[in-house]
Peer 1: 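Sharing a structure here in structure tokens format.
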Amino acid sequence: MNISISLPDGSIREFPSGISGAEIASSISEGLARVALAIEVDGVIQDLSRPINQSASVKILTWNDQGGKSTFWHSSAHVMAEALEALHPGVKFGIGPPIENGFYYDVDLGDRAFGEDDLQELENKMKELAKKDSRYSRREVSKDEAMRYFTEKNDPYKLELISELADGTITFYEQGNFTDLCRGPHIPHTGFIKAIKLLNVAGAYWRGNEKNKMLTRIYGITFPKQKELDEYLHMLEEAKKRDHRKLGKELDLFTFSEKVGMGLPLWLPKGTILRERLEQFMRRAQVKAGYDPVVTPHIGSKALYVTSGHYEKYGKDSFQPIHTPDENEEFLLKPMNCPHHCEIYRSRPRSYKDLPIRLAEFGTVYRYEQSGELHGLTRVRGFTQDDAHIFCRPDQVKDEFIKVIDLVLHVFKSLGFENYTAQVSLRDPDNKEKYIGADDLWDRAEREIQEAADERGLKTVAVKGEAAFYGPKLDFMVRDALGRSWQLGTIQVDYQLPQRFELEYVGSDNQRHRPVMIHRAPFGSLERFVAVLIEHCGGNFPLWLSPEQITVLPISERFNDYAHEVLNTLKVLDIRGFVDARDEKIGRKIRDAEVKKIPYMLIVGEKEAAARQVSVRQHGKGDVGSLPLDEFIHQFRMAAATPDN
RNA sequence: GCCGAGAUAGCUCAGCGGUAGAGCAACGGUUUCGUAAACCGUAGGUCGUGGGUUCAAAUCCCAUUCUCGGCUCCA
């Protein structure tokens with residue numbers, strides 16, 4: 001009996017039933033067969049060796065396919081497990097999946113500490129095992145047999161996994177001396193794995209639960225060619241150069257002090273300029289969008305947060321209350337601005353005609369993040385949100401939400417963020433006690449967010465369990481230089497706080513109604529935004545943000561006067577810069593300015609002073625020629641304009 | 001908070017039981033220079049902090065603070 005196999009190019013071929021993926025690959029070309037790693041059959045990836053018994057559309061997967069890569073890495077995790085077992089008999093295995101770049105395996109090594117030194121040994125063992133070209137063989141086993149095998153092996157983690165599987169769906173994979181509970185699929189044999197690098201060791205809770213035992217997680221990556229590994233490692237090195245913590249130090253943007261306290265950034269003068277430029281940009285955009293700026297204090301009485309519900313939720317894990325001579329008085333450092341803004345709303349009666357009211361504040365807040373969580377500027381304990389709260393009628397929610405999306409997109413576009421993902425963060429339906437508020441309000445808010453995003457044509461990913469405890473969110477996620485994802489902009493619909501604060505407005509029916517609240521922060525926080533911006537542009541900021549836009553470089557001491565004259569002319573026009581009057585040769589001054597990533601270098605000597613010109617050199621581009629100072633100013637101001645609001 | 005790694009001059013790092021080192025930066029001098037590093041010299045550290053072992057500790061041990069990689073968390 002024959003079956004029809006349709007290939008990605010649209011062609012359909014007849015094969016006898018039971019043909020394997022490997023055989024199909026061979027029939028297409030020997031070259032393809034040599035690099036084939038797995039096969040996708042009607043969208044499901046499986047081993048090349050498995051027979052195909054019915055007509056299907058298939059795709060042979062190679063290293064160039066994401067599915068091929070993940071199969072390759074998954075198989076590599078098994079080689080690592082085999083090596084671990086060879087070196088450390090009795091090791092117990094958790095799970096070992098492929099990830100975006102490489103793979104890991106969670107293992108329990110008992111009391112034995114596994115450090116960086118052990119990695120090299122393990123890596124060598126893996127190379128040795130990979131060279132054996134061991135085939136991966138798949139075997140279907142009964143639940144009983146599976147339980148027996150791992151009981152004998154004394155691996156409680158695998159037993160736990162098996163206990164949750166249905167009989168008849170369990171498969172083992174075996175290569176060399178290693179057998180693992182595994183759904184597969186795998187590559188044909190270990191010989192494909194030519195280049196191996198174990199990257200790091202970390203702790204990870206079994207099944208991601210803090211209450212479970214912590215296992216040792218070993219991360220690695222493998223490639224079919226050594227050259228590709230070398231390129232990958234080089235890429236990692238390059239990415240590290242963009243790390244905002246490194247550039248923040250090199251460019252004098254921010255620092256931390258053990259004495260001030262961990263996670264509390266100190267903004268240096270240059271970083272402050274950057275930050276203030278961004279603030280001004282946002283202020284203008286918000287004025288245009290109908291926001292009213294407000295200012296509120298950095299502390300609030302405990303009662304404020306009891307009302308908001310934040311005290312109950314975070315009180316014991318936060319900075320503790322500030323006490324006063326009056327022992328009945330307690331204040332909290334504000335961890336968010338919403339309660340203060342609610343009180344502003346409440347300060348007088350509101351009419352439906354007043355709505356929406358949009359209160360905006362660059363509010364500095366303090367949150368006691370777990371010590372191990374702190375990370376440069378992206379996760380800190382004191383930070384400033386570009387916060388605003390929109391109080392509107394229920395019928396205005398969607399429209400307001402869409403306006404906020406437009407504002408966020410405007411910000412991202414102005415700063416060149418193109419690779420963001422829009423995530424609709426929903427409640428975890430299996431864990432409702434984490435959240436406050438009635439089901440129907442949640443359903444409504446979740447629906448409205450999705451509708452607003454759809455209406456603006458946003459491609460969204462819905463993620464359950466990521467909502468705030470009081471409502472669902474639309475989050476804009478951007479990756480840092482090393483591929484870690486951070487949340488920047490956020491928009492949240494909230495039906496809870498208006499209720500808790502008993503916010504009201506008088507409708508056209510002369511009845512009292514409850515407004516809806518939208519929390520939003522397009523940057524998220526200035527700290528995190530600056531961090532991601534630094535990595536995004538590698539420290540080469542857009543001209544309008546650059547802390548130092550120009551530097552004037554006199555050829556020798558004799559032209560210092562003219563250099564200062566040039567600088568003064570520029571300063572009057574709010575152009576930021578300085579004269580490098582050091583007793584150094586021009587080559588040196590240029591080098592230093594290039595290293596500091598200053599966008600424009602104005603070189604002045606005999607000729608320039610005589611003709612009132614400047615010789616312009618652009619960062620990364622080199623000499624772009626001389627021109628009259630007036631002409632330079634004109635061109636510069638065009639180039640340095642703040643993005644149009 | 002948990003697992004692992006680390007902390008030496010302003011910065012980047014070497015030294016890993018026998019009286020603290022380099023490069024760059026800083027400071028002084030020479031030089032006055034045309035598009036990515038002039039030359040000579042000087043100064044700078046109780047080796048994160050506190051204990052312990054030792055004739056002797058940057059080096060070994062314990063504790064602690066902070067940093068880094070993950071995990072958990074993220075109002």
Side-chain angles (χ1 to χ4, degrees), chain A residues 104 106 109 113-119 199-219 243 245-246 249-250 256-259 261-263 305 308-315 317-318 334-339 365 367-376 378-381 385 425 436 466-471 473 475 482 484 486-487 490 492 494 496-497 519 524-525 528 553-560 583-595 601-608 615-626:
Chain A
Y104 67 79
D106 282 347
L109 288 151
F114 193 89
E116 310 278 336
D117 298 341
D118 299 292
L119 278 183
L199 299 163
N200 51 48
V201 191
Y205 299 106
W206 168 237
R207 312 204 94 176
N209 189 332
E210 211 175 351
K211 293 186 179 73
N212 287 342
K213 176 162 182 175
M214 180 159 279
L215 305 180
T216 303
R217 176 170 296 181
I218 305 169
Y219 286 91
D243 190 314
R245 293 165 297 188
K246 182 175 159 68
K249 190 179 274 181
E250 286 171 5
F256 289 88
S257 150
E258 210 171 304
K259 227 167 201 167
M262 61 164 118
Y305 302 100
S308 72
H310 290 100
Y311 187 80
E312 192 193 340
K313 181 85 182 167
Y314 293 103
D317 300 320
S318 291
K334 76 175 172 191
M336 81 292 299
N337 305 297
C338 357
V365 298
R367 298 179 183 177
Y368 190 75
E369 305 291 359
Q370 291 187 28
S371 60
E373 278 315 313
L374 302 175
H375 183 99
T378 48
R379 195 77 188 274
V380 288
R381 284 180 168 171
Q385 298 176 308
S425 300
I436 58 171
E466 287 292 306
F469 76 95
Y470 51 75
K473 313 186 281 178
D475 292 327
L482 291 170
R484 291 175 289 218
W486 298 98
Q487 175 208 304
T490 180
Q492 315 174 2
D494 185 353
Q496 319 298 337
L497 277 189
H519 309 246
S525 82
R528 184 176 287 177
L553 310 179
I555 296 279
S556 86
E557 224 168 67
R558 303 202 329 252
F559 311 108
N560 283 358
D583 178 14
E584 293 288 354
K585 301 217 289 197
I586 194 65
R588 176 51 181 275
K589 295 183 184 181
I590 286 169
R591 188 192 134 77
D592 288 349
E594 291 281 357
V595 168
M601 287 150 268
L602 305 181
I603 294 146
V604 295
E606 187 95 55
K607 285 177 292 192
E608 290 79 10
S615 172
V616 181
R617 191 188 156 99
Q618 239 180 303
H619 172 70
K621 290 193 185 145
D623 192 352
V624 295
S626 293

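Both backbone and side-chain heavy atoms feed into the values below; hydrogens, waters and symmetry mates do not. Residue numbering restarts at 1 for every chain, and letters A, B, ... go by the order of the sequence lines.
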Peer 1: Do A:Tyr470 and A:His310 come within less than 4.5 Å of each other through their side chains, counting heavy atoms only?
Peer 2: yes

Peer 1: In whole angstrom, what separates A:Glu369's CD from B:A75's C1'?
Peer 2: 9 Å

Peer 1: Please tell me which of A:Met214 and A:Ala204 maps to the more 5' nucleotide of RNA chain B, matching each residue to the nucleotide holding its nearest heavy atom.
Peer 2: A:Met214

Peer 1: Side-chain N or O of A:Arg245 less than 4.0 angstrom from OP1 or OP2 on B:U67?
Peer 2: no

Peer 1: Taking all non-hydrogen atoms of both residues, which atom of A:Pro339 and which atom of A:Ser308 are closest, and how far apart?
Peer 2: CG-CB, 4.0 Å

Peer 1: Roughly how far apart, to the nearest Å, are B:U54 and B:G1 at atom P?
Peer 2: 34 Å

Peer 1: May I ask you to verify if any side-chain N or O of A:Thr216 is less than 4.0 angstrom from the OP1 or OP2 atom of B:C3?
Peer 2: no

Peer 1: Determine the Euclidean distance between corresponding P atoms of B:C24 and B:C40; express it in Å to zero decimal places.
Peer 2: 10 Å

Peer 1: Expressed in angstrom and rounded to an integer, what is the separation of A:Glu210 atom CD from B:G70 atom P?
Peer 2: 18 Å

Peer 1: Please name the nucleotide paired to B:C2 by Watson-Crick or G-U wobble geometry with both distances under 3.5 Å, or report none.
Peer 2: B:G70

Peer 1: Taking the P atom in each of B:A43 and B:G6, what is the distance between them to the nearest angstrom?
Peer 2: 35 Å

Peer 1: Can you tell me if the side-chain N/O atoms of A:His375 get under 4.0 Å from OP1 or OP2 in B:G69?
Peer 2: yes

Peer 1: Using side chain to side chain contact (heavy atoms under 4.5 Å, CB included) as the criterion, point out the one residue from A:Phe469, A:Tyr368, A:Tyr305 that pairs with A:Tyr314.
Peer 2: A:Phe469

Peer 1: At under 4.0 Å between heavy atoms, what does A:Lys585 touch on the DNA or RNA strands: base, sugar-phosphate, or nothing?
Peer 2: base

Peer 1: In the structure shown, which nucleotide is the Watson-Crick or G-U wobble counterpart of B:A75, with both distances under 3.5 Å?
Peer 2: none

Peer 1: Where do A:Gly605 and A:Ile555 come nearest, in terms of heavy atoms and distance?
Peer 2: CA-CG1, 3.6 Å

Peer 1: Can you name the closest pair of heavy atoms from A:Ser626 and A:Glu608 and give their distance?
Peer 2: OG-OE2, 3.8 Å

Peer 1: Kindly point out which of B:C33, B:C66, B:A75 is positioned nearest to the side chain of A:Met262?
Peer 2: B:C66

Peer 1: Have a look at A:Gly309 and say if it touches a base, only the backbone sugar-phosphate, or nothing, with a 4.0 Å heavy-atom cut-off.
Peer 2: nothing

Peer 1: Using the C1' atom as the reference point in each nucleotide, state the distance between B:A5 and B:G48 in Å, no decimals.
Peer 2: 16 Å

Peer 1: Rounding to an integer number of Å, can you tell me how far A:Glu250 CD sits from B:C24 P?
Peer 2: 17 Å

Peer 1: So does A:Asp317 reach the base of B:C73 with its side chain, donor to acceptor, closer than 3.5 Å?
Peer 2: no

Peer 1: Got a donor-acceptor pair under 3.5 Å from the side chain of A:Tyr368 to the base of B:G1?
Peer 2: no

Peer 1: For A:Ile218 and B:C3, what is the distance between atoms CD1 and P respectively, to the nearest whole Å?
Peer 2: 17 Å

Peer 1: What interatomic distance, in whole Å, is found between C1' of B:G29 and the corresponding atom of B:G21?
Peer 2: 26 Å

Peer 1: For nucleotides 34-36 of chain B, list the nitrogen or oxygen atoms of the protein found under 3.5 Å from its nitrogen or oxygen atoms, one pair per line.
Peer 2:
{"unit_1": "B:G34", "atom_1": "O6", "unit_2": "A:Glu606", "atom_2": "N", "d": "2.9"}
{"unit_1": "B:G34", "atom_1": "O6", "unit_2": "A:Lys607", "atom_2": "N", "d": "3.3"}
{"unit_1": "B:G34", "atom_1": "N1", "unit_2": "A:Glu608", "atom_2": "OE1", "d": "2.9"}
{"unit_1": "B:G34", "atom_1": "N1", "unit_2": "A:Glu608", "atom_2": "OE2", "d": "3.4"}
{"unit_1": "B:G34", "atom_1": "N2", "unit_2": "A:Glu608", "atom_2": "OE1", "d": "3.4"}
{"unit_1": "B:G34", "atom_1": "N2", "unit_2": "A:Glu608", "atom_2": "OE2", "d": "2.5"}
{"unit_1": "B:U35", "atom_1": "O3'", "unit_2": "A:Arg617", "atom_2": "NH1", "d": "3.4"}
{"unit_1": "B:U35", "atom_1": "O2'", "unit_2": "A:Arg617", "atom_2": "NH1", "d": "3.0"}
{"unit_1": "B:U35", "atom_1": "O2", "unit_2": "A:Arg617", "atom_2": "NH1", "d": "3.4"}
{"unit_1": "B:U35", "atom_1": "O4", "unit_2": "A:Ser615", "atom_2": "OG", "d": "2.2"}
{"unit_1": "B:A36", "atom_1": "N7", "unit_2": "A:Arg617", "atom_2": "NH2", "d": "3.2"}
{"unit_1": "B:A36", "atom_1": "N6", "unit_2": "A:Glu594", "atom_2": "OE1", "d": "3.3"}

Peer 1: Of all the nucleotides listed (B:A75, B:C71, B:U31), which has the minimum atom distance to the side chain of A:Tyr219?
Peer 2: B:C71

Peer 1: Less than 4.5 Å apart, side chain to side chain, heavy atoms only: is that true for A:Leu374 and A:Glu369?
Peer 2: yes

Peer 1: Taking only N and O in the side chain of A:Arg207, is any of them less than 4.0 Å away from OP1 or OP2 of B:C71?
Peer 2: no

Peer 1: Could you check which nucleotide pairs with B:A14 in any of the strands shown, counting Watson-Crick or G-U wobble with both distances under 3.5 Å?
Peer 2: none

Peer 1: Run the side-chain contact (heavy atoms from CB on, under 4.5 Å) test on A:Arg379 and A:Ser525 for me, step by step, so that the C-alpha distance in whole Å, both residues' side-chain angles and the decisive distance to 0.1 Å come before the verdict.
Peer 2: CA-CA 10 Å; A:Arg379 195 77 188 274; A:Ser525 82; over 6 Å; no

Peer 1: For B:U19, give the paired nucleotide (Watson-Crick: N1-N3 plus N6-O4 or O6-N4; G-U: N1-O2 and O6-N3; both under 3.5 Å), or none.
Peer 2: none

Peer 1: Looking at every heavy atom in both A:Met601 and A:Ile590, which two are closest together, and how far apart are they?
Peer 2: SD-O, 4.0 Å

Peer 1: Has the side chain of A:Arg379 got a donor or acceptor atom sitting under 3.5 Å from an opposite partner on the base of B:C73?
Peer 2: yes

Peer 1: Write down the protein N/O and nucleotide N/O pairs, taken from nucleotides 4-13 of chain B, whose separation is under 3.5 Å; answer none if there are no such pairs.
Peer 2:
none

Peer 1: Mind calculating the distance between CG (A:Asp583) and P (B:C40) to the nearest angstrom?
Peer 2: 16 Å

Peer 1: Go ahead and name the base partner of B:C39; Watson-Crick or wobble counts if both distances stay under 3.5 Å, otherwise write none.
Peer 2: B:G29

Peer 1: To the nearest Å, how far apart are A:Asp106 CG and B:C3 P?
Peer 2: 15 Å

Peer 1: Please determine whether a side-chain nitrogen or oxygen atom of A:Arg217 lies at a distance below 4.0 Å from atom OP1 or OP2 of B:C3.
Peer 2: no

Peer 1: Say we look at B:A58 and B:G51: how far apart would their P atoms be, to the nearest angstrom?
Peer 2: 14 Å

Peer 1: Determine which nucleotide pairs with B:U64, using a 3.5 Å limit on both distances of a Watson-Crick or G-U wobble pair.
Peer 2: B:G48

Peer 1: A:Glu466 vs A:Lys473, test: side-chain contact (heavy atoms from CB on, under 4.5 Å). Steps then yes/no.
Peer 2: CA-CA 8 Å; A:Glu466 287 292 306; A:Lys473 313 186 281 178; 5.7 Å; no

Peer 1: Is a side-chain N or O of A:Lys589 found less than 3.5 angstrom from the main chain of A:Pro554, in a donor-acceptor match?
Peer 2: yes

Peer 1: Evaluate A:Asp623 against A:Ile603 for side-chain contact (heavy atoms from CB on, under 4.5 Å), listing each step before the verdict.
Peer 2: CA-CA 10 Å; A:Asp623 192 352; A:Ile603 294 146; over 6 Å; no

Peer 1: Say you pick atom P in B:G52 and the same atom in B:U59; how far apart are they, in whole Å?
Peer 2: 14 Å

Peer 1: Within the structure shown, what part of the strands sits under 4.0 Å from A:Glu584 by heavy-atom distance: base, sugar-phosphate, or nothing?
Peer 2: base

Peer 1: Flag yes if more than 12 heavy atoms outside A:Gln618 fall under 6.0 Å of its CD atom; otherwise flag no.
Peer 2: yes

Peer 1: Given atom OH of A:Tyr104 and atom C1' of B:G69, what is their separation to the nearest angstrom?
Peer 2: 15 Å

Peer 1: Quick one, A:Cys338 with A:His519, criterion side-chain contact (heavy atoms from CB on, under 4.5 Å). Give me CA distance, side-chain angles, the key distance, then yes/no.
Peer 2: CA-CA 8 Å; A:Cys338 357; A:His519 309 246; 3.4 Å; yes

Peer 1: Roughly how far apart, to the nearest Å, are B:C27 and B:U67 at atom C1'?
Peer 2: 31 Å

Peer 1: What's the CG-C1' distance between A:Leu215 and B:C71, to the nearest Å?
Peer 2: 10 Å

